[in-house]
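Remember, it's a predicted structure, so these values are computed and weren't measured experimentally.
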Amino acid sequence: MRAGGGASPRPAPLPAATSATATLLVPASVAMPPPRLAHLRRLLLSLRSAAHHPLAPNPGRPLPGPLHPSLLLLPRAMAGAAHAGVATASAEYEEVLGCLGSLITRKVRADTGNRGNQWELMAKYVQILELEEPIAQLKVVHVAGTKGKGSTCTFAESILRSCGFRTGLFTSPHLMDVRERFRLDGLDISEDKFIRYFWWCWNKLKDKTGNDVPMPAYFRFLALLAFKIFSDEKVDVAVLEVGLGGKYDATNVVRAPVVCGISSLGYDHMEILGNTLGEIAGEKAGILKKGVPAYTVPQPEEAMSVLMRRASELGVSLQVVQPLDPQKLEDQPLGLHGEHQYMNAGLAVALANTWLEKQGHLDRIHVKHSDTLPHQFIKGLSSACLQGRAQIVPDPQVNSENDKDDNSSLVFYLDGAHSPESMETCARWFAHVTNNDRIQLGSLKQPHADRNSRKILLFNCMTVRDPQRLLPRLLDTCAQNGIHFEQALFVPNQSQYNKLGSLASPPSEREQIDLSWQLSLQRVWESLPHNNEGLNGANSSRASSVFESLPQAIQWVRETAQQNQSTQFQVLVTGSLHLVGDVLRLLKK
């Protein structure tokens, strides 16, 4: 069901509970189950005077001397009957997700005490986990920024992996499963490894924390877990994306990275980082280190002056990298789509090249022609993959049911843009690919040229964002590129039920849902000027709806596509990476 004004078609309206005064829904919290398996491990391991470390590169190599039980992990093969009747692998993974969920703080992010919130605790956590030396040994590429830092990290990791190195990649947020944040050699860490590394860190921290030193908050724990994983897995290079800001980010415990990068800066997380580009740049510049080479991309003057001043204070030569020239790719496309990715690719090339130089590995790369990149760089850039950024997904359900000739009746265009600047970039990409979708969708047979198409916006954003800054930029840029939406759909994120990628389903019983935020988004949308005509000459761009849930919105889109098989429906999903992840999860079902 949905509510809202605008043109038909539209299903029955929502019940009264979906008005702006709707009853508040308290999201299903993630209860932390008792750590049964952790207790079982300790009980069994306390009976062992010596053991093999299952996480070491050579599992058969015994560790010297007896170890405290909390330092050991019980391999699944050794667990035998201990696991029987206690938990399956998936059940244990759910238990891990429950423990992780307990670390998510309910503190309002805009609280003044949040900036650098007890930063000194990170050093204590590192000590508890005995990670000082392992972190110092990691060969790190460290990247901060507002836009494109995740893409830059993805490109850099793919390049260095293509050069033959064992890579670790830590990014955020995840879209469907928390393990997406930890990649080893380009693949998400396995569930089994993730579970074992998790318990190792969890048990040690639980043993040594209390009132004076609380358990680390969610992201800090994940960063610590990444350091443990990458050090024990003996990666050659660890590529780390800053979570938020830079100076007080959990990844900034790295004191001597090999090279640092700062991607495009803009207005985001202003409730924490500051209200001006200068303040935001100051936070991002916190990852710069004395003696460590650093790169950035062209920035607004206000931001660039702050970056340059901080670099000068540290004696760092901060070099500005231009967007990658497509001709250097020998006609190969970038693995991540969108014109803006050439900026991120240019930064990634500089970071990877400097890492190779500093580590003495420039002999690993081979250049065919002076005006092109080394073939390993081209391979890495063209094979890079990052879900939820300029991603095109034909709907498998509608297309398999309706399109016997492989035409795509319903296509989702997903991009996790959530800042004013990235809204513009997203809009330009959407306009480009929908005007040239025959090329972008590759081997898919596209509809005939005379087939109508309808554009639908599926949107949500976090309440800390300002929709008055996001929606106008999106709408204006689309209009400038000839794109007009027939319908705008506003939904709450499904992930309020699917914490951290859990397989748990939303509550089966009907509950009253607080849609006040989605209704406010709708009001912003409908207040914007829509000076264009939709299909049949109707001014339909003001049509908008609020749905109680994302599955209901997807169902409505599918039903509409099935009822209008002569029309191709192109749905832009944006405003939140969490929303994009929720849509991907539903489509994969």
Side-chain angles (χ1 to χ4, degrees), residues 138-172 180-188 223 226 230 233 235-243 246 249 251-252 254 256-264 284 287-289 292-297 318-325 328-329 332-338 340-362 364-365 373-387 389-390:
L138 289 175
K139 309 303 180 183
V140 170
V141 176
H142 201 191
V143 182
T146 305
K147 303 170 295 176
K149 63 183 185 293
S151 298
T152 298
C153 288
T154 299
F155 278 133
E157 181 276 335
S158 188
I159 290 171
L160 293 172
R161 177 160 39 89
S162 295
C163 290
F165 295 99
R166 178 158 172 75
T167 60
L169 175 64
F170 178 61
T171 59
S172 61
E180 297 166 21
R181 297 174 183 246
F182 312 86
R183 286 196 198 177
L184 295 169
D185 290 329
L187 300 176
D188 298 348
F230 294 158
E233 290 291 325
V235 299
D236 298 313
V237 54
V239 182
L240 306 179
E241 177 193 1
V242 166
D249 188 72
T251 61
N252 208 29
V254 176
V258 176
V259 61
C260 293
I262 297 178
S263 65
S264 298
K284 307 292 185 181
I287 71 166
L288 301 180
K289 305 292 191 300
V292 176
Y295 296 87
T296 189
V297 298
L318 178 62
Q319 300 186 50
V320 180
V321 179
Q322 298 302 315
L324 180 67
D325 183 353
K328 292 185 176 291
L329 293 171
Q332 291 293 315
L334 291 175
L336 306 182
H337 301 298
H340 61 289
Q341 293 294 358
Y342 287 97
M343 181 76 75
N344 301 325
L347 179 56
V349 166
L351 295 172
N353 191 71
T354 299
W355 189 91
L356 289 167
E357 179 185 359
K358 290 294 182 180
Q359 296 302 303
H361 294 308
L362 283 179
R364 292 253 193 141
I365 61 178
L373 290 171
H375 74 86
Q376 297 101 322
F377 280 49
I378 295 174
K379 177 183 177 183
L381 291 168
S382 62
S383 62
C385 177
L386 185 62
Q387 290 195 104
R389 282 78 166 178

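Of all heavy-atom pairs between Ala238 and Phe230, the closest is CB-CD1, 3.9 Å. In terms of heavy atoms, Asn344 sits closest to Ser151 at ND2-CB, 3.7 Å. Minimum heavy-atom separation, Leu334 to Ala345: CD2-CB, 4.0 Å. Of all heavy-atom pairs between Ser264 and Met343, the closest is OG-CG, 4.3 Å.
The side-chain heavy atoms of Cys163 and Ile365, taken from C-beta on, include a pair separated by under 4.5 Å. With a 4.5 Å cut-off on side-chain heavy atoms, Leu160 and Phe155 do not count as touching. Using a 4.5 Å cut-off on side-chain heavy atoms (C-beta onward), Asn252 and His142 make contact. No side-chain heavy atom of Leu381 sits under 4.5 Å from any side-chain heavy atom of Leu336. The closest side-chain heavy-atom distance from Val143 to Ile287 is not below 4.5 Å. Considering only heavy atoms from C-beta on, Leu373 comes within 4.5 Å of Val349 through its side chain. Contact annotation: the side chain of Arg389 approaches that of Leu386 to within less than 4.5 Å [non-hydrogen atoms, C-beta and beyond]. For the pair Leu347/Ser263, a side-chain contact is recorded, criterion being any heavy-atom separation below 4.5 Å from C-beta on.
Not a single donor-acceptor pair under 3.5 Å links the side chain of Thr152 to the backbone N or O of Ala348. Using a distance-only test at 3.5 Å, with no hydrogens or angles considered, a donor-acceptor pair links the side chain of Lys284 to the main chain of Gly145. Under the 3.5 Å distance criterion, the side-chain polar atoms of Arg364 are left unmatched by any main-chain donor or acceptor of Leu362. Using a distance-only test at 3.5 Å, with no hydrogens or angles considered, a donor-acceptor pair links the side chain of Ser382 to the main chain of Lys379. Listed for the Asp249 side chain is no donor-acceptor partner under 3.5 Å among the backbone atoms of Val242.
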Practice problem: Take Thr296 and Val321, measure what side chain to side chain contact (heavy atoms under 4.5 Å, CB included) needs, and give me the verdict at the end. | Solution: CA-CA 6 Å; Thr296 189; Val321 179; over 6 Å; no
Quiz prompt | Verdict with supporting geometry, Gln376 and Ile159, side chain to side chain contact (heavy atoms under 4.5 Å, CB included) | solution = CA-CA 6 Å; Gln376 297 101 322; Ile159 290 171; 6.0 Å; no
Quiz prompt | Candidate pair Val237 and Val235, rule side chain to side chain contact (heavy atoms under 4.5 Å, CB included), full reasoning | solution = CA-CA 5 Å; Val237 54; Val235 299; over 6 Å; no
Quiz prompt | side chain to side chain contact (heavy atoms under 4.5 Å, CB included) assessment of Phe377 paired with Leu329 | solution = CA-CA 9 Å; Phe377 280 49; Leu329 293 171; over 6 Å; no
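Rounded to the nearest 0.5 Å, atoms CG (Leu356) and CG (Leu351) are 11.0 Å apart. Atom CG in Leu184 sits 9.5 Å away from atom CG in Leu169 (nearest 0.5 Å).
Shown here is Lys289, whose NZ atom has more than 12 heavy atoms of other residues, nucleotides or ligands within 6.0 Å.
Ring pair Trp355/Phe165 is perpendicular by interplanar angle, where above 60° counts as perpendicular and below 30° as parallel.
Checking Glu241 against Ser172 by side-chain atom types alone, no donor-acceptor pair falls below 3.5 Å.
With salt bridges taken as basic N to acidic carboxylate O contacts below 4.0 Å, one links Asp185 and Arg166.
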